[in-house]
Participant: 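Starting off with a structure, shown below.
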Amino acid sequence: MRTDAPEQLNTGVWAEVVGQPDAVQTLYAAVSAARRQVRGEPVPPGAMTHAWLFTGPPGSGRSVAARAFAAALECTDPVVVGCGSCTACRTVMHGTHADVRLVAPEGLSISVAEMRSLVQAAARRPTTGHWRVVLIEDSDRLTEGAANALLKAVEEPPPRTVFLLCAPSDHPEDVSVTIRSRCRVVQLRTPLSSAIAEVLHERDGVGAELAQWAASVCGGHIGRARRLATDEEARERRESVLRIPLGLRRFSDVFTAATGLVKLAETEATTANEDRNEAEKEELKTAMGAGGTGKGTAAATRGANAALKELEKRQKSRTTRSQRDALDLALVDLAGFYRDVLVTRAGSSAPLNHPDFERSVAKAAQEWTSESALRRLDAVLECRVALTQNVKPIIAVEAMLATLFTG
């Protein structure tokens, strides 16, 4: 089989990987080698390996690329590598394949207990597919104990198991040096706005003008572009955030804006998880025999109550993470505004992060010095760091907005 088939690199599961031709070429070649390996044919050393690390900035599609790779590994089409239409490809992409375990941390971290359970499952031979694949999104959220548990599995992997890790970078703060040294790194880049607009228009059916706008303001984040293009409330939230810099006219505005920003994140997190939380509770109650009568129902009720409390604890952790993520996204938009002010003051021809707020940026550039704009940008970035260190959101945001007001 050929390891280089350009006509296939934009079709099937690979079509999901937007603006990453070099990465797709690497992954395609690896899957081709894996197919020969399964058939018992010789393959060059390193052509296919058991551990991969997908890195790239937020929105570059790390987990999408990893999932496409997993689907191609399990693909049953005898000719097309990653056809996207066979049962294996479809179940992997939808997260239901029996031999592909997807780990997306719903809380603030991945615990050692969860990782040990995952490693035990990974040691089993594949049941229906060619490989047993473990895909860990946000592997930078591994606790130290969880990372150590994973390291043991990566050091001595089962013969048909592949580990796919996703992280912002291969820096030791994101992935331990020992795990990094045992992985083949696939570096993704920020996709071009033209590639994002094309996907939104041709695949998602978004109007050409709206698709172009969403692609130009999303900061290279494909998922964000899709939300902005399809969700009017997401567009309104972004606008309310970008009105903050010029809306701080009195010191009292600091506290009003801080409360509004935090509540905005809380509302978004609650809305995103509300239906899922209720569905999980009902499913658990049914599984534990809620509403049953007769002998043994008292013990079953006690068990159900204990399980329900544990579920609520996990749901609370998930909501907290969703709130932090929503607030961080707002801070990224704010940082982009102050960056645009610096670009404008410097007379640079670099494109703006928020071209639709060009007038506001120009006004701010006239009113502030470059040093003042830079101090404001630093305050936003410091707030992001504070939130990762579990500073109470309202305290961190108020401190940031005080600096944004005074400059």
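Residues take their numbers from the sequence shown, with the count starting at 1. Bear in mind the structure is a predicted one, so any value in this text is a computation, not a measurement.
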Participant: Rounded to the nearest 0.5 Å, what's the gap from CG on Asp170 to CG on Leu165? Could you check?
Facilitator: 12.0 Å
Participant: Check whether any side-chain heavy atom of Leu27 lies under 4.5 Å from a side-chain heavy atom of Trp52, and answer yes or no.
Facilitator: yes
Participant: Any donor and acceptor pair, going by atom type alone, linking the side chain of Ser60 with main-chain N or O of Arg189 inside 3.5 Å?
Facilitator: no
Participant: How many angstroms lie between atom CG of Asp378 and atom SG of Cys383, to the nearest 0.5 angstrom?
Facilitator: 13.0 Å
Participant: Within this structure, what is the OG-CZ distance for the pair Ser370 and Arg375, rounded to the nearest 0.5 Å?
Facilitator: 10.5 Å
Participant: When you compare the side chain of Val199 with that of Ile222, does any pair of heavy atoms fall below 4.5 Å?
Facilitator: no
Participant: Output yes when Arg182 and Glu156 qualify as a salt bridge under the 4.0 Å nitrogen-oxygen rule, no when they do not.
Facilitator: no
Participant: Just wondering, do Leu228 and Trp213 contact through their side chains at under 4.5 Å, heavy atoms?
Facilitator: yes
Participant: Contact between Leu118 and Leu150 at the side-chain level, heavy atoms closer than 4.5 Å - yes or no?
Facilitator: no
Participant: For atom CD of Glu155, is the number of surrounding heavy atoms from other residues, nucleotides or ligands below 6.0 Å larger than 12?
Facilitator: yes
Participant: Counting C-beta onward and ignoring hydrogens, is there a side-chain heavy-atom pair between Pro245 and Leu334 closer than 4.5 Å?
Facilitator: yes
Participant: In sequence, state the C-alpha distance, the side-chain angles, and the governing distance for Arg90 and Thr96, and then conclude on side-chain contact (heavy atoms from CB on, under 4.5 Å).
Facilitator: CA-CA 9 Å; Arg90 286 187 283 105; Thr96 57; over 6 Å; no
Participant: Which pair of non-hydrogen atoms, one from Pro158 and one from Ala122, has the smallest distance, and what is that distance?
Facilitator: CG-O, 3.7 Å
Participant: Could you pull out the closest heavy-atom pair between Gln323 and Pro393, with the gap in Å?
Facilitator: NE2-CG, 4.1 Å
Participant: Determine whether more than 12 heavy atoms belonging to other residues, nucleotides or ligands lie under 6.0 Å from atom NE2 of His201.
Facilitator: no
Participant: Taking Ser117 for its side chain and Ala113 for its backbone only, find out whether a donor-acceptor pair lies under 3.5 Å.
Facilitator: no
Participant: If you count heavy atoms of other groups shown closer than 6.0 angstrom to CZ of Arg235, is the number above 12?
Facilitator: yes
Participant: Looking at CD of Glu266 and CD1 of Ile394, how far apart are the two atoms once the value is rounded to the nearest 0.5 Å?
Facilitator: 8.5 Å
Participant: Can you name the closest pair of heavy atoms from Ala98 and Thr128 and give their distance?
Facilitator: CB-OG1, 4.3 Å
Participant: Using 0.5 Å steps for rounding, measure from the CZ atom of Arg160 to the CG atom of Asp99.
Facilitator: 11.0 Å
Participant: Is the closest side-chain heavy-atom distance between Arg227 and Leu329 below 4.5 Å?
Facilitator: yes
Participant: Dump the intermediate steps for side-chain contact (heavy atoms from CB on, under 4.5 Å) on Lys363 and Leu246, then the final yes or no.
Facilitator: CA-CA 9 Å; Lys363 183 178 180 181; Leu246 295 182; 4.1 Å; yes
Participant: Treating Arg203 as the side-chain partner and Ala15 as the backbone partner, does any N or O pair qualify as donor plus acceptor under 3.5 Å?
Facilitator: yes
Participant: Under 3.5 Å, side chain of Thr388 to main-chain N/O of Val385, donor-acceptor pair present?
Facilitator: yes
Participant: Output, in order, the C-alpha distance, side-chain angles, deciding distance and verdict of side-chain contact (heavy atoms from CB on, under 4.5 Å) for Val112 and Asn148.
Facilitator: CA-CA 8 Å; Val112 62; Asn148 290 334; over 6 Å; no
Participant: Could you walk me through whether Arg36 and Ser32 pass the side chain to side chain donor-acceptor pair (under 3.5 Å) test, one step at a time?
Facilitator: CA-CA 7 Å; Arg36 294 198 301 274; Ser32 298; 5.5 Å; no
Participant: Starting at OG1 of Thr344, measure out to CZ of Arg339 and round the result to the nearest 0.5 Å.
Facilitator: 8.5 Å
Participant: Do the side chains of Arg250 and Asp253 get close enough for a salt bridge, i.e. N-O under 4.0 angstrom?
Facilitator: yes
Participant: Start with the C-alpha distance between Glu367 and Ser372, add both sets of side-chain angles, then the distance that settles side-chain contact (heavy atoms from CB on, under 4.5 Å), and finish with yes or no.
Facilitator: CA-CA 10 Å; Glu367 295 179 0; Ser372 176; over 6 Å; no
Participant: Say whether, by atom type as modelled, one donor and one acceptor occur between the side chain of Arg67 and the main chain of Leu102 under 3.5 angstrom.
Facilitator: no
Participant: If we ignore angles and hydrogens, is there a donor and acceptor under 3.5 Å between the side chains of Arg184 and Thr49?
Facilitator: no
Participant: For the side chain of Gln187 and the backbone of Gly56, is there at least one donor-acceptor N/O pair under 3.5 Å apart?
Facilitator: no
Participant: Quick test of your reading of the model: are Arg224 and Asp333 salt-bridged, counting only N-O distances below 4.0 Å?
Facilitator: yes
Participant: How about Glu239: does its CD atom have over 12 heavy atoms from other parts shown lying under 6.0 Å from it?
Facilitator: yes
Participant: Do Phe69 and Leu135 come within less than 4.5 Å of each other through their side chains, counting heavy atoms only?
Facilitator: no
Participant: Over all heavy atoms of both residues, which pair between Val38 and His130 is shortest? Give the atoms and the distance, please.
Facilitator: CG1-ND1, 4.1 Å
Participant: Write down the atom of Gly84, the atom of Cys89, and the distance for their closest heavy-atom approach.
Facilitator: N-SG, 3.4 Å
Participant: Given 3.5 Å as the limit, does a donor-acceptor pair link the side chain of His50 with the main chain of Val162, or not?
Facilitator: no
Participant: Between Arg238 and His354, does any side-chain donor sit less than 3.5 Å from a side-chain acceptor?
Facilitator: yes
Participant: Kindly give the heavy-atom pair with the smallest separation between Ala146 and Met115, and that separation in Å.
Facilitator: O-CG, 3.3 Å
Participant: Is any side-chain heavy atom of Cys75 closer than 4.5 Å to a side-chain heavy atom of Val80?
Facilitator: no
Participant: Would you call Asp174 and Arg62 a salt bridge, taking side-chain N to carboxylate O under 4.0 Å as the test?
Facilitator: no
